[in-house]
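As structure tokens, the structure follows; a few thoughts come after it.
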Amino acid sequence: MQWLDGFIQGILLGGLYAQYALGMALMFGVMRIVNISHGDLMILLALIGVSLSVSFGLGPFVLLLVLVPIAAAIGYVLQRGILNRVVSQDPLPSIIATFGLSIALQNAMQQIWSADTRSIPGGGIEQASWQIGTIFIGVLPVIVLIVATALTGGIDALLRFTKFGRALRASAADVEAAALTGVNPQAVYAWATALAVGILGFAAVFQGLRSTVAPSDGPAQLIYAFEAVIIGGMGSIWGAFLGSMVLGVSQAIGFRINPGFGILAGHLVFLAVLAFRPQGIFGRS
Amino acid sequence: MTMSINIPGGLPRARVRSQTVSGIVAMIIGIGLLAALVAMPWWAGQGTIRSVVELCCYIAIAQMWNLLAGYGGLVSVGQQAFSGVAAYMMFALAQNMGVNPFVAVPLCLIAPAILAVPTYALLHRLDGPYFAIGTWVVAEVVRLLTTNFSYVNAGAGMSLRVMTQYSAHERAIGVTILCALMLLVTVGGTYWLLRSRYGLALTAMRDNPVSAASQGVNVSRLRFLLFVAGAVGTGLAGAIYFMAQLRITPDSAYGPQWATVAIFIVMIGGIGSIEGVLIGSFIYFFADRWFGEYGATYLVVLGVLTLLVALFARGGVWSLVNKLVDAPWFPTRRVLVSGGGQ
Amino acid sequence: MSAALLSTHGLKAFYGDFQALFGIDFEVAPGEVVALIGANGAGKSTFLKSVMGVIRVAPEMVLLDGQPTGGAASHHMVAKGVGIVPEGRRLFTGMSVEDNLRVAIDHSAGGNDTWSLGRVYELFPILEEKRRDLVQSLSGGQQQMVSIGRALLNQPRVLLCDEISLGLAPKVINEIYAAIPSISAAGTAIVLVEQDVGLAKKASDRLYCMLEGKVTLTGKSADISREDISAAYFGAGHAVA
């Protein structure tokens, strides 16, 4: 029974990871832009969320409505101001630029919010759960999973069926050819990053509600998102979603084997995927 | 230093110069500095020695990162896996197995070398940016394994109590000699490598890996060798750093601050050059001394500076200097002084 | 001069310090087919890149409808009615034939709706059959058809074609060149960049021959002799093969 419980909790945890991973799948997998500060941006948004909810007494739903546009604006500015300048065949400038941004963000957050862990008050929803036999299923984690699924489906449809999605895929395939077909790749990338960071706005609120956030948590979230994208298979939006599930289940089962082994189990599954199926579980070889 | 090349078939003799005045001056200064470093226990205080040892470790780690990123195109943000694992191996050899700690320093390098092989085998499948984050995962895995490993006292860390058998003066002598050797191996070794027959291949690979491969450079083999060499050099710096600290914990050994320092030094100083690493190391060292007390604010500035260099001045300080004067400290170019039409 | 749809005046282009074009004067009128020939490295592709804003040039060096447009970004040129079939086809891999075409429809120049998916499929029937296939699974000739179709769906008034015969079998080349008259019949001006002199001469009304970044010969295609072309193509002093 504890294994079934581990599996279910892992799937629910995967819902949260999917929200980190979705933005990364878009930037990393589709646009091939690396953003080392991905996790730090999520933490920044969560801390802004904490302050907003404490100062103005905003409930979780209103907070989402406020935070997601802020997140999208940050993403747009990030792409216009920094990432569009460093996009090239050579990955070094974008790694270094966003690495520097990551260090600056982490320490700036520490200055503003101190190193303490905080969370977003959810008005009781964070404790609510259903009991099925001996297994407790949290209401909030289920909401997180539903939102993650809806976001994944929405992004996937956006990429497949809209003008914006085609322009983005075309730019990712060949920037110059896209421009010669009338696409403005810099504008398309800016909106795509706005979308990717906007999704982090959802992740930030749910992370703040489900557990805690501290200024130094960003790198761990970056790594989880990255692992989910690679496990699932680069370039596939649903792959990142399923990769998140695999990561969540690995961690939850690992945790039940030994509490010190939980996160390590996730890393080991990632390395095993690299060793035996480098194109990812759902990727094309 | 000039050498003559005799081209068979009676072509005119070509004379090639590969050393410069600035290079010879720099070499003399370098030898003088190394001698001063080894003599430190007789002229400097404990505090100064500790600072200089730290500086030497920064130089070594940054130089190894430069070798990987600047020449091999292998951008790693997880080199702390190798410095940490070497330092822990050294502590285990000296503290748990009774090996003389100064002997344990070279012996422990087997650990980063062994770790580098599977790491590279797994991660080389990932391209550029994915490789970078992959190295971070490996560093995290090693940190978590160490945290769960009771033989090295798990998360609580270890102290190098065996060092108490030596006086402070004896310890200083041992550590400064190790530092001098470390600089010889990492900085001198890189210089030697760049001037050797591999040097041209490395420079070609830095400038364009695809065309280097088409010119007969075995890029993947060279990258693998660079990765292992970089791991060993980084490990050496880690072992010496923590020997001087006398204490190690998983968080200090595998913390991301190592990557931060290496990246800052190389990017500010100038990637793809030895001079850049030295300049960057001095800038970092003094910035840390003068502004380190501002803690987080100082690190914000460091991060923003790294970002700005990546955006606007990819070559760092050394490339700006290069635009003004042509006086390399470590000349690696070969210049044709006469020949051809004679 | 006043009838020119697209023209360049003293066009100079550089790659860093290296000058690739030395003052090119060129023009094309509506419905006209103009060929641009020259050996590898003569500057033909550089010329197209300069017109399309891939390489930055001074505004007054490129005129569209008499208005200076040199240095405008590629997507602006497309929006103003200049379409291009880039060298090497440059399709969007990982996308279907129809999605490749739709990108162009999404970003077509305003004020013109000559081309539709249906008309492109009429021109190249094989594409309709393959419309759901990923472009990388197509043959070279079929890929070239997608690339031409994509450029047409931008609704260009001037269509620039960069080496569309390159690497294709003669039969396929004929099939593709057979489409040229029906494109220009719709009033679209066409600039054909070609290495195959015979092909270019036959398909065009006028031609320009380039050598080392300069125009060495220009005139009506029907009036220019092969000897003149050879001299302009290889430079003075080269014997005619």
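A, B, ... follow the sequence lines: proteins, then strands. Residue 1 opens every chain. Given the structure is predicted, the values throughout are model-derived calculations rather than measurements.
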- Query: Ser147(C) side chain to Gln143(C) main-chain N or O, any donor-acceptor pair under 3.5 Å?
  - Reply: no
- Item | Aromatic contact, Tyr20(A) with Tyr224(A) (centres under 6.0 Å) | no
- Message: Side chains of Tyr121(C) and Glu129(C): any donor to acceptor distance under 3.5 Å?
- Response: no
- Where on Ala104(C) is there a heavy atom nearer than 4.5 Å to chain A: the side chain, the backbone, both, or neither? both
- Any luck finding a side-chain donor-acceptor pair between Glu227(A) and His267(A) under 3.5 Å? yes
- Do Thr98(A) side-chain atoms and Ser37(A) backbone N/O form a donor-acceptor pair below 3.5 Å? no
- Under 4.5 Å, counting heavy-atom pairs only, tell me which of Ile105(C), Val54(C), Val82(C) racks up the most with chain A. Val54(C)
- One option among Asp106(C), Asn100(C), Val78(C) has the most heavy-atom pairs under 4.5 Å with chain A, and it is Asp106(C)
- State, yes or no, whether a side-chain contact exists between Glu176(A) and Arg90(C) at a heavy-atom distance under 4.5 Å. yes
- Top residue by heavy-atom pair count (under 4.5 Å) with chain A, among Met52(C), Met77(C), His75(C)? His75(C)
- Query: Between Gly182(A), Ala179(A), Pro185(A), which has the largest tally of heavy atom pairs under 4.5 Å with chain C?
  - Reply: Gly182(A)
- Note on the structure: Cut-off 4.5 Å, heavy atoms of chain C, and the answer for Ala172(A) is neither
- Which bit of Asn154(C) is near chain A, if near means a heavy-atom gap under 4.5 Å: side chain, backbone, both or neither? side chain
